[in-house]
Enquirer: 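For reference, the structure I am asking about is given below.
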Amino acid sequence: MEVLLAENLGFCYGVKRAIQLAEDAASLAKDAFTLGPIIHNPQMVAKLAEEGVGKIDSLDELDSGTVIIRSHGVGPSVYEKIEQKGLHTIDATCPHVLKAQRSAKELAEAGYQVVIVGDKNHPEVKSILQWAGEGSVAVNDETEAEALPAMRRIGVVSQTTFSSAKFKSIVMVLLDKSLEVKIMRTICTATDQRQSAAVKLAQEVDFMIVIGGRNSANTTRLAQLCAEKCKTYHIETADEVCDEWFANNKKIGITAGASTPDWIIKEVYKKCQKK
Ligand code: SF4
C-alpha cells in the first residue's frame with residue numbers, strides 16, 4: 001500500500017502559536033482557561049485539559065486567573081470585560097486575524113460600509129464584525145452579496161480561511177453595488193496551500209483520508225474539495241480507519257486541517273501503512 005501525505009497539511013502558524021501559548025500558560029499558572037475551545041479539535045482540547053488548561057464558554061464563569069484568547073480572536077467588548085474583571089490575558093489571536101480585525105475597524109472609521117466575506121456564524125467573523133461595529137454585514141456567497149442594497153462606499157474584508165476563488169467571485173458582485181469599493185484581501189495563505197495540496201493529491205490516489213475535527217470548518221472544506229476528485233473519508237482519529245477501505249486500492253492520500261495535531265496525523269499514517 002502506497003501512502004502519500006499532502007505537501008502542506010496540519011497545524012498552521014497561527015494554531016501552532018496558540019497551542020504553544022496555551023501550553024506555556026499551563027506550565028506557569030494553575031488557573032488558565034481558554035475562552036471557547038482553543039482550536040476546533042476535540043483531541044487537542046482534551047490534551048490541554050490534561051495539562052491543566054481548562055475551557056470556559058463565557059467570562060461570567062471566571063472571577064480570577066488567566067484567560068487565553070484563541071486564534072479566532074474576539075471583539076472589543078470581550079477585552080473590555082476582561083479588564084473590568086481584572087483577569088490576566090494571554091492573547092493567542094492569530095496575527096492574520098488581527099490584521100483582518102484592524103482592517104475592518106479602520107475601514108469603518110474611514111466611513112466605509114464594511115462587508116465581511118465569510119461565514120457570519122464562525123467565531124472569527126463574529127469578532128471581525130464586532131471590530132467593524134454597527135451596520136457591518138457578513139456575506140458568505142454571491143446570492144447574499146447580491147441581496148445587499150447599493151451603498152456609497154464599501155470596504156471589503158475577508159475571513160482569513162475563505163476560498164480565494166470564491167472571494168473574487170463575491171467581490172465581483174460587490175463591485176456593482178458601489179462606485180467606491182476598497183478591498184482588503186485578508187485571506188491567509190495557509191488555507192490556500194492546504195487546499196491546493198489536497199486537491200493535487202486527490203487527483204493522484206485511489207482515495208483520500210482527511211483528518212481533523214468534525215467541528216473544524218477548514219477540515220470539512222478540505223474533505224469537500226477532495227470528495228470532488230475521489231472517494232474521501234473524513235476522520236478525527238486513527239481508530240476510525242476501516243480495513244474495508246483498502247480492499248482493491250493501491251495508493252491512498254492523507255491530508256489534515258490546520259487544527260489537526262501532528263501526533264494524530266502520524267498515528268493515521270502508520271496505521272494505513274500497515275494495511
Ligand atoms: S489558518 Fe491562517 S489565519 Fe487561521 S490561524 Fe492559521 S495562520 Fe492564522
Side-chain angles (χ1 to χ4, degrees), residues 6-25 34-45 47-48 53 55 68-75 78 89-106 116-132 138 140 156-168 183-199 210-226 234 255-262 264-265:
E7 210 174 310
N8 289 289
L9 80 171
F11 273 3
C12 60
Y13 157 75
V15 165
K16 255 187 217 154
R17 180 176 169 273
I19 298 295
Q20 189 60 56
L21 286 168
E23 284 179 334
D24 291 350
T34 63
L35 183 55
I38 184 89
I39 53 172
H40 287 151
N41 185 275
Q43 292 73 30
M44 190 69 231
V45 172
K47 183 171 179 281
L48 275 179
V53 179
K55 174 180 87 68
I68 303 168
I69 295 171
R70 58 192 177 167
S71 56
H72 297 315
V74 293
V78 175
T89 317
I90 292 175
D91 194 345
T93 307
C94 175
H96 295 293
V97 176
L98 276 179
K99 185 173 173 235
Q101 292 174 339
R102 261 188 235 123
S103 300
K105 183 173 184 278
E106 284 164 14
I116 296 144
V117 176
D119 173 5
K120 64 176 183 296
N121 297 314
H122 192 281
E124 178 196 316
V125 175
K126 285 184 184 170
S127 85
I128 301 172
L129 277 167
Q130 284 174 35
W131 283 102
N140 203 26
V156 187
V157 173
S158 69
Q159 180 176 358
T160 55
T161 49
F162 210 76
S163 141
S164 53
K166 203 169 164 201
F167 177 72
K168 278 184 205 153
I183 301 157
M184 303 301 289
R185 197 181 173 284
T186 46
I187 294 178
C188 149
T189 51
T191 305
D192 271 354
Q193 286 168 349
R194 276 153 189 71
Q195 290 182 355
S196 314
V199 169
V210 180
I211 317 163
R214 291 196 172 79
N215 57 347
S216 156
N218 80 82
T219 309
T220 305
R221 182 71 190 136
L222 278 181
Q224 285 166 349
L225 289 170
C226 292
H234 178 175
T255 189
S259 49
T260 308
D262 287 353
I264 299 182
I265 300 172

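Count residues from 1 along the sequence. When a ligand or atom number is given, it counts from 1 through the structure's own listing order.
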Enquirer: Looking only at protein heavy atoms, identify the closest one to atom 4 (Fe) of ligand 1 and say how far it is in Å.
Expert: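 Residue, atom and distance for the closest contact: Thr160 OG1, 3.9 Å.
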
Enquirer: Hey, is Cys94 touching ligand 1 through its side chain, its backbone, both or neither, going by heavy atoms under 4.0 Å?
Expert: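 Looking at Cys94 and ligand 1, just side chain atoms fall under 4.0 Å.
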
Enquirer: So among Leu9, Thr219, Thr220, which one has a side chain to side chain contact (heavy atoms under 4.5 Å, CB included) with Val210?
Expert: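 With Val210 as partner, side chain to side chain contact (heavy atoms under 4.5 Å, CB included) holds for just one option, Thr219.
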
Enquirer: Taking only heavy atoms of Cys188 into account, list the atoms of ligand 1 that are under 4.0 Å away from them.
Expert: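 Near Cys188, the atoms of ligand 1 are 1 (S), 2 (Fe), 3 (S), 7 (S).
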
Enquirer: Do side-chain atoms of Gln159 reach the backbone of Asp119 as a donor and acceptor pair under 3.5 angstrom?
Expert: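 Yes, because the side chain of Gln159 sits within donor-acceptor range (under 3.5 Å) of the backbone of Asp119.
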
Enquirer: Please find out if atom 8 (Fe) of ligand 1 and some N, O or S atom of Cys12 are separated by less than 2.8 Å.
Expert: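 No, since none of the N, O or S atoms of Cys12 sits under 2.8 Å from atom 8 (Fe) of ligand 1.
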
Enquirer: Looking only at the side chains, is there a donor atom on one of Arg17 and Gln20 sitting less than 3.5 Å from an acceptor on the other?
Expert: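 No.
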
Enquirer: Can you confirm whether the side chains of Ser163 and Gln195 place a donor and an acceptor under 3.5 Å from each other?
Expert: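 Side chains of Ser163 and Gln195: no pair found under 3.5 Å.
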
Enquirer: Using a 4.0 Å cut-off to any heavy atom of Gly14, which atoms of ligand 1 qualify?
Expert: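 Near Gly14, the atoms of ligand 1 are 5 (S), 6 (Fe), 7 (S), 8 (Fe).
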
Enquirer: Does the side chain of Asp91 come under 3.5 Å of the side chain of Thr93 through a donor N or O and an acceptor N or O?
Expert: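 Yes, because at least one side-chain N or O of Asp91 sits under 3.5 Å from a partner of the opposite role on Thr93.
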
